[in-house]
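To start, the structure itself, in structure tokens.
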Amino acid sequence: MSVTMGVSAGAPVTTYWAEHAWLPHVNGPVVEPDVLVEVVDGRIARVVPDSGPCPAGAVRLAGLLVPGQANAHSHAFHRALRGTVQVGSGTFWTWRDTMYRFAGALDPDSYLELATAVYAEMALAGITAVGEFHYLHHAPGGARYADPNAMGEALIEAPARAGIRITLLDTCYLSSGFGAELTKPQLRFGDGDADAWAERAALLKPREHARIGAAVHSVRAVPAEQLGTVAHWAKMRKAPLHVHLSEQTAENDACLTAHGVTPTRLLADHGVLGPLTSAVHATHLTDEDVKLLTDSSTVICMCPTTERDLADGIGPARRLASGGCPVTLGSDSHAVIDPFEEARALELNERLRSRTRGHWTANALLRAGTEDGHASLGWPEAGRIEAGALADFTVLALDSVRTAGPSPRLGAETAVFAGSAADVRHVVVGGRQIVRDGVHQLVADVPSALRDAVAALLP
């Protein structure tokens, strides 16, 4: 059965033919063979399952076609820490000191180079949209660049060069702790107060590949009386609003000391929670916290590879999802960039905690990384292989050493529980092929680009 959307007469059509594709179905997604996908003006115009052999003139995509992955939480500059922070021991707080050293070395030009390479790595991993949690606003010491959004503009330009989409989540970051001034490394994060943050953030403009959202860094970084300013800014624009929540027990303890309530209650009392808000991590929650999040339908963004890398703990994702919170996935600090590993880890973490299996189906985990992830970033028209959706999709090999063997009808299970970024063969964004046969088409040598960008930050 084919599904078609209306298209302009004479509009050029690009036709892709996939050996297998993960498609929406009234009873839940299914893997269909021989799927024809026609693209017009960057959107899917027609999907024809079981279409027969690949027709002449179509682009043949061997493997399993799935929607492009949405990386719902990224700090692009953290990619420079990979490997460096694995020497010795420590905690989240000692890791943060190393992170500040790299943050202090960046300027708009070096950030553009690094972010372009990082987003190209994401494209190679099957990611077609990223939510960039951006708080590195100003020059070291807090001085303003001539363009107060020079660093944000670099982050908007970088995905254009790498061929993917972005939601720039401009982040309000005003204090180093409850009632504490910013420390020297943090001065470039701050705007003085939330009104000044809002004035600067309002200067950012969306582009075809870029949308603008907001973020509260955390309850320790934005004074309680200013949380509402950020929430109002996002609400007036119907923009995504993201916030780090209860990643560390130390933050919870400090919030209780300062305000007598948990971080979740503080956010709720100041209008931050809701269906357009994503709470990132949500690791250490009370029963009341869980109820506040589920009652408000707040999105929960889990970042399993970072949460385990930083020894954060395992959040109650299954309990939150059962209560009605959509769950999304992010690579956060980029200890690895692999959306299939994030999805797999969400389920496997829950297995370790509960000592039982089967908390999420493969279909549910793929939805977290595609449709729900895109929606949380303000791209509700992406994340599905259906007529009218943005033509953003990824193809994984089903014949690699990791994926060979299972029946193609188990393609979703194979992708989530066996596949990896290394199995991504093709990536299409807006109908344009960004990755072909595992090679990025816009960034000639992604490993070299990463190496050079990181080396430029080292003393």
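To the nearest 0.5 Å, atoms CD1 (Ile127) and CD (Gln69) are separated by 7.5 Å. Taken to the nearest 0.5 Å, the CZ atom of Arg425 stands 6.5 Å off from the OG atom of Ser400. Rounding to the nearest 0.5 angstrom, the gap separating the OG atom in Ser175 from the CD atom in Gln226 is 8.5 Å. Taking NE2 from His138 and CZ from Arg144, the interatomic distance works out to 3.5 Å, rounded to the nearest 0.5 Å. One distance of note links CH2 of Trp360 with CG of Leu346; it measures 4.0 Å at 0.5 Å rounding. From Leu245, atom CG reaches atom CG of Asp289 across 7.0 Å, with rounding to the nearest 0.5 Å.
Looking at every heavy atom in both residues, Ala412 comes nearest to Asn363 through CB-OD1, 3.7 Å. Considering every non-hydrogen atom in both Ile300 and Met302, the closest pair reads CG2-SD, 3.5 Å. Here the shortest heavy-atom pairing between Ala162 and Ala120 reads CB-N, 3.6 Å. Nearest heavy atoms, Val39 versus Gly431: CG1-CA, 3.7 Å. Contact record, Gly438 with Leu124: O-CD2, 3.6 Å, taken as the closest heavy-atom pair. The minimum heavy-atom distance linking Trp22 with Val66 is given by the pair CB-CG1, 3.9 Å.
A donor-acceptor contact closer than 3.5 angstrom links the side chains of Thr298 and Ser296. Between His284 and Gln248, the side chains place no donor N or O within less than 3.5 Å of an acceptor N or O (distance only, hydrogens not considered). No side-chain donor from either of His242 and Thr277 sits under 3.5 Å from a side-chain acceptor of the other. Between the side chains of Asp309 and Thr306, no donor-acceptor pair of N or O atoms lies under 3.5 Å. Between the side chains of Ser331 and His334, at least one donor-acceptor pair of N or O atoms lies under 3.5 Å.
Counting heavy atoms from C-beta outward, Ser246 and Thr283 have side chains that stay 4.5 Å or more apart. Two residues are said to be in side-chain contact when any heavy atoms from C-beta on lie closer than 4.5 Å; Val439 and Gln441 meet this criterion. Side chains of Thr305 and Asp338 form no contact here, defined as non-hydrogen atoms less than 4.5 Å apart.
Arg344 places no side-chain N or O within 3.5 Å of a backbone atom of Pro339 that could act as its donor or acceptor partner. A donor-acceptor pair under 3.5 Å is formed between the side chain of Thr167 and the backbone N or O of Leu377.
Salt-bridge annotation for Glu347 and Arg353: absent, with no side-chain N of the basic residue lying under 4.0 Å from a carboxylate O of the acidic one. Salt-bridge check for Lys205 with Glu153: failed, with every basic side-chain N at 4.0 Å or more from each acidic carboxylate O. Between Asp195 and Arg200, no side-chain nitrogen of the basic residue sits less than 4.0 Å from a carboxylate oxygen of the acidic one, so the salt-bridge criterion is not met. Salt-bridge check for Arg211 with Glu132: failed, with every basic side-chain N at 4.0 Å or more from each acidic carboxylate O. Note on Arg165 versus Asp392: salt bridge recorded, some NZ/NE/NH1/NH2 to OD/OE distance being below 4.0 Å. A salt bridge links Arg384 with Glu371; the closest basic N to acidic carboxylate O contact falls under 4.0 Å. For Arg265 and Asp269, the salt-bridge test passes: some basic side-chain N is under 4.0 Å from an acidic carboxylate O. By the 4.0 Å N-to-carboxylate-O rule, Arg402 lies close enough to Asp423 to be salt-bridged with it.
Around atom CD of Glu225, more than 12 heavy atoms belonging to other residues, nucleotides or ligands sit under 6.0 Å away. The local environment of CD in Glu199 is sparse, with at most 12 non-hydrogen atoms from other residues, nucleotides or ligands closer than 6.0 Å. Atom CD of Glu288 sits in a crowded spot, with more than 12 heavy atoms from other residues, nucleotides or ligands closer than 6.0 Å.
Between His259 and Phe178, the ring planes are perpendicular. Angles over 60° get that label, and only those under 30° would be called parallel. A perpendicular orientation is assigned to the rings of His217 and Phe133, their planes being inclined by more than 60° (bins at 30° and 60°). Between Tyr111 and Phe77, the ring-plane angle classifies as perpendicular under the 30° and 60° cut-offs.
His137 has its ring centre no less than 6.0 Å from the ring centre of Tyr173.
For the ring-ring contact (aromatic ring centres under 6.0 Å, His included) test, no residue two or more places apart in sequence or in another chain qualifies with His209. Partners of Phe417 according to the ring-ring contact (aromatic ring centres under 6.0 Å, His included) rule, which considers only residues two or more places apart in sequence or in another chain, do not exist here.
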Show your reasoning for whether salt bridge (charged side-chain N to carboxylate O under 4.0 Å, His left out) applies to Arg319 and Asp287.
CA-CA 10 Å; Arg319 186 177 172 196; Asp287 289 345; 3.0 Å; yes

Residues Cys301, Val280; criterion side chain to side chain contact (heavy atoms under 4.5 Å, CB included); working and verdict:
CA-CA 5 Å; Cys301 179; Val280 183; 4.1 Å; yes

Would Asp107 and Ser110 satisfy side chain to side chain donor-acceptor pair (under 3.5 Å), going step by step from the backbone distance to the final call?
CA-CA 5 Å; Asp107 60 27; Ser110 59; 2.9 Å; yes

Please test Tyr100 against Gln186 for side chain to side chain donor-acceptor pair (under 3.5 Å), starting from the C-alpha separation and ending with a verdict.
CA-CA 8 Å; Tyr100 285 158; Gln186 298 168 329; 2.8 Å; yes

Give the intermediate values and the outcome of salt bridge (charged side-chain N to carboxylate O under 4.0 Å, His left out) for residues Arg451 and Glu113.
CA-CA 11 Å; Arg451 180 197 63 214; Glu113 295 304 315; over 6 Å; no

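Each of Glu251, His281, His73 was compared with His244 under the side-chain hydrogen bond (donor to acceptor under 3.5 Å, both in side chains) criterion, and only His73 meets it. Of the residues Ile434, Thr394, Val435, the one that meets the side chain to side chain contact (heavy atoms under 4.5 Å, CB included) test with Val429 is Ile434.
Judged as a ring pair (Phe, Tyr, Trp, His ring centres under 6.0 Å), not a single pair has a partner in residues 292-332 (not counting sequence neighbours).
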